[in-house]
Amino acid sequence: MTISGQEDTILGNSILVPLNDTKSSKGVIDFLLNMPFTKEAKFTLVHIFRKPSSGEELMGKKFMAEMPARLEKMLFDTKKRLVAEKGFDPDNIRIELVDKGYPSVSEGIIDYFKQGNFDMVVIGRKQMSKSEEFVLGDISIKLIRNLPKASVLVVKTG
């Protein structure tokens with residue numbers, strides 16, 4: 001849609017993009033690369049750590065110790081793609097690892113969003129069965145319910 005001769009753009013200059021190293025997050029990145037954001041858009045690429053479960057702790061200290069470096073590399077690689085493929089100003093793309101250890105990822109995203117000055121949050125959502133959704137919860141629904149004045153863009157991925 002064009003308004004007053006302006007090119008199509010998505011409103012919202014400050015965009016929070018919570019990511020992890022899943023297929024769903026890769027879908028969000030591909031989606032962002034295909035959307036007509038203005039060059040002035042400011043992105044915060046963030047990974048929110050939650051308190052590790054006992055099962056994750058059993059995976060070993062080495063695995064848990066290497067996780068922040070792996071996730072930081074993923075965020076830096078995402079930033080490089082946004083700059084290289086879309087021409088965004090690297091100064092307008094911030095990355096952050098939040099290691100506060102929230103009880104859930106959704107609580108961490110909600111808290112981080114409220115602390116910042118964001119117009120929009122973009123989140124991926126993989127297709128889940130009803131039983132998976134019941135057991136695991138749905139982060140996107142929690143964001144929509146808990147951020148009533150925010151724009152929440154949910155990207156459905158395979």
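Since we're looking at a predicted model, the values are computed, not measured.
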Close side-chain approach of [X] and [Y], heavy atoms under 4.5 Å:
{"X": "Tyr112", "Y": "Thr44", "result": "yes"}
{"X": "Val46", "Y": "Ile95", "result": "no"}
{"X": "Val152", "Y": "Met120", "result": "no"}
{"X": "Leu32", "Y": "Val122", "result": "yes"}
{"X": "Lys42", "Y": "Ile15", "result": "no"}
{"X": "Arg145", "Y": "Lys142", "result": "no"}
{"X": "Met35", "Y": "Leu153", "result": "no"}
{"X": "Leu143", "Y": "Ile123", "result": "yes"}

[Y] backbone acceptor or donor facing [X] side chain under 3.5 Å:
{"X": "His47", "Y": "Leu19", "value": "yes"}
{"X": "Lys79", "Y": "Arg94", "value": "no"}
{"X": "Thr78", "Y": "Met74", "value": "yes"}

Exercise. Scan side-chain atoms only and decide if Asp119 and Ser14 contain a donor-acceptor pair under the 3.5 Å cut-off.
Key: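 Side-chain D/A pair, Asp119 to Ser14: absent.
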
Quiz prompt | Distance-only polar pair, side chains of Thr22 and Ser24, donor-acceptor under 3.5 Å | solution =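 Result is no, nothing qualifies.
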
Looking only at heavy atoms, what is the nearest atom pair of [X] and [Y], with distance?
{"X": "Val154", "Y": "Ser140", "value": "CG2-CB, 3.7 Å"}
{"X": "Pro68", "Y": "Phe49", "value": "CA-CZ, 4.0 Å"}
{"X": "Phe88", "Y": "Thr38", "value": "CE2-O, 3.3 Å"}
{"X": "Lys86", "Y": "Asn34", "value": "NZ-C, 4.5 Å"}

Let me confirm one number: the [atom1]-[atom2] distance from [X] to [Y], rounded to the nearest 0.5 Å.
{"X": "Asp30", "Y": "Glu85", "atom1": "CG", "atom2": "CD", "answer": "8.5 Å"}
{"X": "Phe118", "Y": "Asn13", "atom1": "CZ", "atom2": "CG", "answer": "13.0 Å"}
{"X": "Glu107", "Y": "Ile139", "atom1": "CD", "atom2": "CD1", "answer": "11.0 Å"}
{"X": "Asp21", "Y": "Asp77", "atom1": "CG", "atom2": "CG", "answer": "11.5 Å"}
{"X": "Leu16", "Y": "Gln115", "atom1": "CG", "atom2": "CD", "answer": "11.0 Å"}
{"X": "Leu97", "Y": "Leu45", "atom1": "CG", "atom2": "CG", "answer": "11.0 Å"}

